[in-house]
Each structure stands twice: as structure tokens, then as C-alpha cells.
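Inspection log for the structure reproduced underneath, given as C-alpha cells.
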Amino acid sequence: MRSILTLGGLAVALSACASYGAPDGDANYDSIKAATDQCEAKGGHLQLKAEHDGRTVSDYDCKNGGAR
């Protein structure tokens, strides 16, 4: 029984990682919000990379300074 609970906890932890800022994770609301907050904390702004479609978190870059 204990091993089943451990595996369940591991599955929940891994799914949370996938939805909150994993480099190649889906660019859903939560992951983009987390990336934006992290970038703004460094004094930058999140920007879509040229030639990217914005489907994954890695399609965005944190740019420092300049106009948004």
C-alpha cells in the first residue's frame, strides 16, 4: 500500500513540473504566468522569439529593458 501512495505522489509531482515552466512544456496560462513573473522579477519582459509560434515555453525569451 505504501508503494502505491509513493508512486501516486511521484506522478502528481511530475505532472506539476510539466505544467509550471518546464523548458519545452506547453505554453499554457500557468506556465506563461510563471515565466512572466520570473522574468519581471529580473527587470525584463517576456517576448515571443522570432520565427516561433508560441506553443511551448521555450518559444519565449526574457528580454531586459526596452519597450514592451
Side-chain angles (χ1 to χ4, degrees):
M1 182 68 160
R2 185 176 179 160
S3 62
I4 292 172
L5 293 175
T6 303
L7 289 175
L10 180 60
V12 169
L14 289 175
S15 67
C17 290
S19 64
Y20 290 98
D24 288 325
D26 289 338
N28 58 38
Y29 175 82
D30 291 331
S31 63
I32 294 298
K33 173 76 170 121
T36 299
D37 291 346
Q38 290 173 359
C39 183
E40 288 177 351
K42 297 179 202 174
H45 65 277
L46 201 63
Q47 182 176 352
L48 183 63
K49 294 177 184 176
E51 306 291 325
H52 291 328
D53 60 14
R55 292 183 184 181
T56 63
V57 176
S58 62
D59 287 346
Y60 296 84
D61 254 341
C62 182
K63 300 289 185 181
N64 290 328
R68 291 186 181 198

*asked:* Strictly distance-based, threshold 3.5 Å: is any side-chain N or O of S31 a donor or acceptor partner for the main-chain N or O of D26?
replied: yes
*Report the residue from E40, K33, Q38 that forms a side chain to side chain contact (heavy atoms under 4.5 Å, CB included) with T36.*
E40
*Go through D61 and K49 one step at a time and tell me if the side-chain contact (heavy atoms from CB on, under 4.5 Å) criterion holds.*
CA-CA 6 Å; D61 254 341; K49 294 177 184 176; 3.5 Å; yes
*Cluster partners of Y60, using ILVMFWY side-chain heavy atoms under 4.5 angstrom, listed by chain and number?*
I32, L46, L48
_To check you understand the geometry: which heavy-atom pair defines the closest contact between K63 and C39, and what is its length?_
N-SG, 4.2 Å
*At their closest point, which heavy atom of A27 faces which heavy atom of G54, and how far apart are they?*
CB-O, 3.3 Å
